[in-house]
*Asks:* 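Let me give you the structure first, and then I'll get to my questions.
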Amino acid sequence: VEARSLYGKVLVGVKGTEDGIQYVKKLISEYSYVLEYRLTLAEIYAKDERYQEAVFAYNEAQSILKEKKDKRLLLGLG
């Protein structure tokens, strides 16, 4: 997970912001419950001064985190 997130950030510097964004979005579509990918996407947006998109990505990550916590509580693990 960390290596793929880092690769997405490096891709921004090497090939451009849009390539990095597309790479991370692909990861999100394949691994929708991995919070780190959504946080990486938000970070890329924020560095590119695309703040509305960054906030949206952060909010999605927060929503997934809440879902995970709720499921843990239902299972008696939280």
*Asks:* Applying side-chain contact (heavy atoms from CB on, under 4.5 Å), name anything that partners Tyr51, two or more places apart in sequence or on another chain.
*Replies:*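 For Tyr51, the residues satisfying side-chain contact (heavy atoms from CB on, under 4.5 Å) (neighbours in sequence not counted) are Glu49.
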
*Asks:* Linking I/L/V/M/F/W/Y whenever any side-chain heavy atoms sit under 4.5 Å apart, do Leu35 and Tyr33 land together?
*Replies:*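 As far as the 4.5 Å side-chain criterion goes, Tyr33 and Leu35 are connected within one cluster.
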
*Asks:* What residues form a side-chain contact (heavy atoms from CB on, under 4.5 Å) with Leu39, not counting sequence neighbours?
*Replies:*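 For Leu39 the side-chain contact (heavy atoms from CB on, under 4.5 Å) partners, ignoring immediate neighbours, are Tyr58, Ala61.
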
*Asks:* Who pairs with Ser32 by side-chain contact (heavy atoms from CB on, under 4.5 Å), at least two apart in sequence or on another chain?
*Replies:*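 Result, side-chain contact (heavy atoms from CB on, under 4.5 Å) vs Ser32: Arg38.
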
*Asks:* Run through the side-chain heavy atoms of Ile, Leu, Val, Met, Phe, Trp and Tyr, join any pair under 4.5 Å, and report what else lands in Val10's cluster.
*Replies:*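 Listed partners: Leu6, Val14.
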
*Asks:* What closest approach, in Å, do Ala54 and Ala46 show between heavy atoms, and which atom pair accounts for it?
*Replies:*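 Looking at all heavy atoms of both residues, the closest pair is CB-N, 3.8 Å.
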
*Asks:* Taking only residues two or more places apart in sequence, or in another chain, which ones meet Tyr31 in a side-chain contact (heavy atoms from CB on, under 4.5 Å)?
*Replies:*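 Expected list: Arg4, Leu27, Val34, Tyr37.
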
*Asks:* Quick one: are Glu43 and Val12 in side-chain contact, heavy atoms under 4.5 Å?
*Replies:*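 They are not in side-chain contact.
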
*Asks:* Is the backbone N or O of Asn59 less than 3.5 Å from a side-chain atom of Ser63, with the two atoms forming a donor-acceptor pair by type?
*Replies:*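 No, Ser63 side chain to Asn59 backbone: no donor-acceptor pair under 3.5 Å.
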
*Asks:* Tell me, please, which residues at least two apart from Tyr23 pass ring-ring contact (aromatic ring centres under 6.0 Å, His included).
*Replies:*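 Result, ring-ring contact (aromatic ring centres under 6.0 Å, His included) vs Tyr23: Tyr7.
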
*Asks:* Do the charged groups of Glu60 and Lys25 touch, with an N to O distance under 4.0 Å?
*Replies:*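 No, no charged N to carboxylate O under 4.0 Å.
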
*Asks:* Which value, rounded to the nearest 0.5 Å, describes the distance between Lys66 atom NZ and Ile64 atom CD1?
*Replies:*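 Separation between the atoms: 13.0 Å.
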
*Asks:* Any chance CD of Glu2 has more than 12 other-residue heavy atoms, nucleotides or ligands included, within less than 6.0 Å?
*Replies:*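 Count not over threshold, so no.
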
*Asks:* Look up atom CZ in Arg50 and atom CG in Leu41, then write down how far apart they are to the nearest 0.5 Å.
*Replies:*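 It comes to 9.0 Å.
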
